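The shown structure was predicted, so the numbers you read here are calculated from the model rather than taken from an experiment.
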Amino acid sequence: QVPLVESGGGSVQPGGSLRLSCAASSQTYEWKCMGWFRQAPGQGREGVAHISTVNGVTSYAASVSGRFRISRDHFKDILYLQMSSLEPGDTAIYYCAASTYYCDSALFDERNYNRWGQGTQVNVSS
């Protein structure tokens, strides 16, 4: 099993920016969709954004649309989440995930994602 390793979390003031990265240790051609999820304290895990590894099409949760941007460097096999205009409500543990389903099937259902990173903490507060 190829692990996913997130990095880039930290503490930031409201309105600030962070970029999360998710690296795989080797090429994973069977992954068709990769995404970011987050889990705030006391809440369930929610999908934030996903990107097709086939055609690069992206999708975002309404709560982050226009503020977050997901991208992938397919040469380096690194997934990114650029987060801007951060709000206290964005405080959570952020996880990257990979799916062998196409994104229009995987959607934001965590049950459809086969591989998960260990998570990275993002804190937004003044």
Side-chain angles (χ1 to χ4, degrees):
Q1 294 186 352
V2 177
L4 298 173
V5 181
E6 302 100 333
S7 61
S11 295
V12 64
Q13 294 185 339
S17 299
L18 281 175
R19 188 177 78 161
L20 306 182
S21 300
C22 173
S25 60
S26 64
Q27 290 289 335
T28 50
Y29 298 105
E30 70 271 21
W31 294 344
K32 297 180 176 64
C33 185
M34 297 191 72
W36 288 95
F37 290 74
R38 67 185 182 185
Q39 186 167 19
Q43 298 185 24
R45 194 150 51 183
E46 65 167 341
V48 174
H50 62 62
I51 184 169
S52 168
T53 63
V54 177
N55 57 21
V57 173
T58 60
S59 182
Y60 298 90
S63 58
V64 306
S65 182
R67 301 188 298 120
F68 290 13
R69 180 175 179 272
I70 187 171
S71 61
R72 180 173 176 264
D73 184 329
H74 67 276
F75 292 111
K76 297 180 180 179
D77 223 358
I78 299 177
L79 183 72
Y80 298 102
L81 185 67
Q82 178 67 49
M83 305 185 293
S84 303
S85 301
L86 283 161
E87 304 167 352
D90 296 316
T91 294
I93 300 173
Y94 284 72
Y95 300 89
C96 69
S99 175
T100 53
Y101 295 101
Y102 292 104
C103 283
D104 58 3
S105 295
L107 301 176
F108 285 130
D109 188 338
E110 61 180 299
R111 296 170 297 178
N112 293 329
Y113 289 78
N114 317 93
R115 194 75 70 242
W116 292 84
Q118 82 288 351
T120 185
Q121 179 71 49
V122 172
N123 293 313
V124 185
S125 68
S126 53

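Scanning both residues, Leu4 and Arg115, for their nearest heavy atoms gives CD1-O, 3.7 Å. Contact record, Gly9 with Val122: CA-CG2, 4.2 Å, taken as the closest heavy-atom pair. Heavy atoms only, all atoms of each residue included: Thr58 and Ile70 are closest at CG2-CG2, 3.6 Å. For the residue pair Thr91 and Val124, the shortest heavy atom distance occurs at OG1-N, 2.9 Å. Contact record, Lys32 with Cys103: O-SG, 4.4 Å, taken as the closest heavy-atom pair. Taking both residues in full, the closest heavy atoms of Leu86 and Met83 are given as CD2-CB, 3.8 Å, listed atom of the first, atom of the second, then distance.
To the nearest 0.5 Å, the span separating OG1 on Thr120 from CZ on Arg38 amounts to 14.0 Å. Taking CG of Asp90 as the start and OG of Ser63 as the end, the distance is 7.5 Å to the nearest 0.5 Å. Rounded to the nearest 0.5 angstrom, Gln39 CD and Arg45 CZ are separated by 6.0 Å.
The cluster map of Ile, Leu, Val, Met, Phe, Trp and Tyr, joined by side-chain heavy atoms under 4.5 Å apart, puts Trp36 and Phe108 in different clusters. Ile51 and Leu18 end up in the same hydrophobic cluster when Ile, Leu, Val, Met, Phe, Trp and Tyr side chains are linked at under 4.5 Å. Val12 and Tyr94 fall within a single hydrophobic cluster, where Ile, Leu, Val, Met, Phe, Trp and Tyr are joined by side-chain heavy atoms under 4.5 Å apart, directly or via other members.
Residues satisfying the ring pair (Phe, Tyr, Trp, His ring centres under 6.0 Å) test with Phe68, not counting sequence neighbours, are none.
In this structure, Phe37 shares a hydrophobic cluster with Ile93, Tyr95, Tyr113, Trp116, the cluster being traced through Ile, Leu, Val, Met, Phe, Trp and Tyr side chains under 4.5 angstrom apart.
Met34 has its side chain within reach of Arg72: a pair of non-hydrogen atoms, C-beta onward, lies under 4.5 Å apart. The shortest side-chain heavy-atom distance between Pro88 and Ser125 does not fall under the 4.5 Å cut-off. Residues Tyr60 and Val48 have side chains not in contact (no heavy-atom distance under 4.5 Å, counting atoms from C-beta outward). With a 4.5 Å cut-off on side-chain heavy atoms, Gln118 and Cys96 do not count as touching.
Here side chain to side chain donor-acceptor pair (under 3.5 Å) pairs that include residues 9-24, with residues two or more places apart or in two chains, number zero. Each side chain to side chain donor-acceptor pair (under 3.5 Å) pair with one or both residues in residues 97-108, not counting sequence neighbours, appears once here: Thr100-Asn114. Annotation: salt bridge (Lys or Arg N to Asp or Glu O under 4.0 Å) contacts involving residues 52-61, sequence neighbours excluded, are absent. For residues 80-89, the salt bridge (Lys or Arg N to Asp or Glu O under 4.0 Å) pairs, not counting sequence neighbours, are Arg67-Glu87.
Side-chain atoms of Glu6 come within 3.5 Å of backbone N or O of Gly119 as a donor-acceptor pair.
Under 3.5 Å, the side chains of Gln121 and Asn123 contain a donor-acceptor pair of N or O atoms.
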